[in-house]
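Accompanying notes for the structure given below.
Values reported hereafter were calculated over all heavy atoms of this structure, with side chains retained and with hydrogens, waters and symmetry mates removed. Note that the coordinates shown come from a computational prediction; the quantities given were computed from them, not determined experimentally.
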Amino acid sequence: MIGTASRRRFCSFLDSELGLSDFLPSSSSVKFERWNSVRFHAVNARSRFLAPIKAAKEVVSGKADGAGGKNGKPPAAANIVWHECSVEKLERQQLLQQKGCVIWITGLSGSGKSTLACALSRALHSRGKLAYVLDGDNVRHGLNRDLSFGAEDRAENIRRIGEVANLFSDSGVICIASLISPYRKDRDACRAMSAEGTFIEVFMDIPLKVCEARDPKGLYKLARAGKIRGFTGIDDPYEPPLNCEVVLQQSGGNCASPSDMAETVISYLEEKGYLKA
């Protein structure tokens, strides 16, 4: 006979979870063997149920065998092979009668980036050209809703938008990305993602005092009051482009209208042959 104390040693927290600890036999070894068999099969069933969940968690965390993650982060490209498609970018461009590219509009908050992006999209649409706008705030409502405004997350925000913009460009679409993107290294990284000659950096060179006077979202006021930390132009730097394709500035203290600025960008696109296949 196996004593009660001995039998109790077989009982773990799993027994309680499975509801088996209350059914420990008190006398017969046959009953104990039957109980142990029931427990064995129940635990096995539980393990089979949890195995796919555990595996999924390991893949997501980068801990699975072959994932190659470092510090729990997914790898850049482990066990991934590029799959070529028979329809190439040139064919898509011929279908659309335009060249896919990324128009990256950068500048301070309140400089008019989103306004220009929408005006440019409308002007291209009126010419029969397909464009899509990736607005910094809009993307944070979905794809980048998990990112904060800390330094690392801001860099990741720009990287993701750069990757998506590059996909649009590869599809033959003219992608207009409008976001502050204050650091050169982040913008240069997005340029490096794109095929040569397909990244067009547009700098909204509007003085800080003008942007702050506009303050369409009330963010400068909050930043000056110390309610927003790390706000570009106030307590975080903006690094102007050094070799951008298009610069839009004030003229005689007056800013050009959004439609006029859009026409300036379109003139560049026409000159470089982006608006034909």
Side-chain angles (χ1 to χ4, degrees), residues 101-127 129-141 144 149 154 157-158 161-162 164-165 168-169 173-184 186-188 190-191 199-224 228 230-272 274-275:
C101 62
V102 176
I103 301 174
W104 193 277
I105 306 174
T106 178
L108 292 169
S109 177
S111 62
K113 300 180 301 298
S114 297
T115 302
L116 171 60
C118 291
L120 181 56
S121 177
R122 172 56 62 187
L124 288 168
H125 181 80
S126 67
R127 286 168 168 78
K129 303 304 175 184
L130 184 60
Y132 191 84
V133 175
L134 292 176
D135 181 84
D137 280 1
N138 291 357
V139 174
R140 280 185 176 274
H141 279 81
N144 293 347
F149 285 92
R154 291 186 76 171
N157 176 61
I158 293 167
I161 293 176
V164 174
F168 272 109
S169 173
V173 171
I174 297 171
C175 183
I176 307 166
S178 62
L179 59 161
I180 295 173
S181 45
Y183 305 126
R184 291 191 195 102
D186 294 330
R187 298 193 301 267
D188 289 345
C190 291
R191 183 186 290 273
F199 189 90
I200 303 159
E201 191 171 19
V202 178
F203 175 33
M204 298 294 290
D205 188 10
I206 309 300
L208 173 61
K209 63 179 181 180
V210 174
C211 297
E212 189 169 359
R214 293 173 176 173
D215 201 11
K217 303 172 186 176
L219 299 178
Y220 283 101
K221 185 177 180 180
L222 292 174
R224 292 293 187 189
I228 297 178
F231 190 75
T232 303
I234 303 301
D235 56 352
D236 203 60
Y238 177 83
E239 299 173 352
L242 299 177
N243 297 294
C244 58
E245 284 71 17
V246 180
V247 179
L248 297 173
Q249 299 173 309
Q250 282 186 315
S251 178
N254 297 315
C255 290
S257 68
S259 59
D260 286 344
M261 289 190 291
E263 288 301 324
T264 299
V265 179
I266 286 177
S267 294
Y268 177 87
L269 297 176
E270 289 176 334
E271 178 185 342
K272 300 298 182 181
Y274 290 100
L275 301 187

Exercise for review: Using the test ring-ring contact (aromatic ring centres under 6.0 Å, His included), find all partners of Phe149 that sit at least two apart in sequence or belong to another chain.
Suggested key: none

**Study point:** side-chain hydrogen bond (donor to acceptor under 3.5 Å, both in side chains), paired with Tyr183, selected from Thr106, Asp236, Asp188
**Key:** Asp236

Review point. With sequence neighbours excluded, what pairs up with Asp235 under the side-chain hydrogen bond (donor to acceptor under 3.5 Å, both in side chains) test?
Key: none

Check your understanding: Roughly how far, to the nearest 0.5 Å, is CD1 of Ile174 from CD1 of Ile103?
Key -> 6.0 Å

Review point. For the residue pair Gly233 and Leu208, what are the closest heavy atoms and their distance?
Key: O-CD2, 3.4 Å

Review point. Who pairs with Tyr274 by ring-ring contact (aromatic ring centres under 6.0 Å, His included), at least two apart in sequence or on another chain?
Key: none

**Study point:** Gap separating the CG atom of Leu179 from the CG atom of Leu134, nearest 0.5 angstrom
**Key:** 9.0 Å

Review point. Excluding sequence neighbours, so at least two apart, what forms side-chain hydrogen bond (donor to acceptor under 3.5 Å, both in side chains) with Arg214?
Key: none

Practice item. Can you see which heavy atom on Pro182 is nearest to which on Pro237, and at what distance? Key: CB-O, 3.6 Å

Review point. Any idea which heavy atoms bring Ala117 and Val133 closest together, and the distance?
Key: O-CG2, 3.8 Å

Review point. Is there side-chain contact between Ser181 and Arg154, with at least one heavy-atom pair below 4.5 Å?
Key: no

**Study point:** Close side-chain approach of Phe203 to Leu242, heavy-atom, < 4.5 Å
**Key:** no

Point to revise | Ser178 and Leu116, any side-chain heavy atoms less than 4.5 Å apart | key: no

Exercise for review: List the steps and the verdict of side-chain contact (heavy atoms from CB on, under 4.5 Å) for Cys255 and Ile206.
Suggested key: CA-CA 8 Å; Cys255 290; Ile206 309 300; 4.1 Å; yes

Exercise for review: Enter the distance from Leu120:CG to Ser259:OG here, rounded to the nearest 0.5 Å.
Suggested key: 11.5 Å

Exercise for review: Step by step, work out the side-chain contact (heavy atoms from CB on, under 4.5 Å) result for Thr232 and Ser109.
Suggested key: CA-CA 8 Å; Thr232 303; Ser109 177; over 6 Å; no

Check your understanding: Does Arg184 use its side chain to pair, donor to acceptor, with the backbone of Pro240 at less than 3.5 Å?
Key -> yes

Review point. Can you say whether the rings of Phe231 and Tyr220 are parallel (under 30°), tilted (30 to 60°) or perpendicular (over 60°)?
Key: perpendicular

Review point. If every non-hydrogen atom of Asp215 is compared with every non-hydrogen atom of Leu219, which pair is closest and at what distance?
Key: OD1-N, 2.9 Å

Check your understanding: Can you name the residues that form a side-chain hydrogen bond (donor to acceptor under 3.5 Å, both in side chains) with Arg191, not counting sequence neighbours?
Key -> Glu201, Glu245

Exercise for review: Any chance you could lay out the side-chain contact (heavy atoms from CB on, under 4.5 Å) test for Ile234 and Arg224, step after step, and finish with the verdict?
Suggested key: CA-CA 7 Å; Ile234 303 301; Arg224 292 293 187 189; 3.4 Å; yes

Study note, to complete from the structure: CD1 (Ile105) and CD1 (Ile200) are apart, to the nearest 0.5 Å, by 10.5 Å

Check your understanding: Out of curiosity, Asp135 CG to Ile176 CD1, how far, rounded to the nearest 0.5 Å?
Key -> 11.0 Å

Practice item. Mind listing the closest non-hydrogen atom pair of Gly107 and Tyr238 along with its distance? Key: N-OH, 3.4 Å

Review point. When rounded to the nearest 0.5 angstrom, what is the spacing between CE in Met204 and CG in Leu108?
Key: 10.5 Å

Review point. Is Ser111 close to Cys211 at the side-chain level, that is, under 4.5 Å between some pair of heavy atoms?
Key: yes

Contacts table for residues 260-269: side-chain donor-acceptor under 3.5 angstrom, sequence neighbours left out:
residue: Asp260; atom: OD2; partner: Ser257; partner atom: OG; Å: 3.2
residue: Glu263; atom: OE1; partner: Arg127; partner atom: NH2; Å: 3.0
residue: Glu263; atom: OE2; partner: Arg127; partner atom: NH2; Å: 3.3
residue: Thr264; atom: OG1; partner: Asp260; partner atom: O; Å: 3.2
residue: Ser267; atom: OG; partner: Glu263; partner atom: O; Å: 2.9

Check your understanding: If every non-hydrogen atom of Lys129 is compared with every non-hydrogen atom of Leu275, which pair is closest and at what distance?
Key -> NZ-O, 3.0 Å

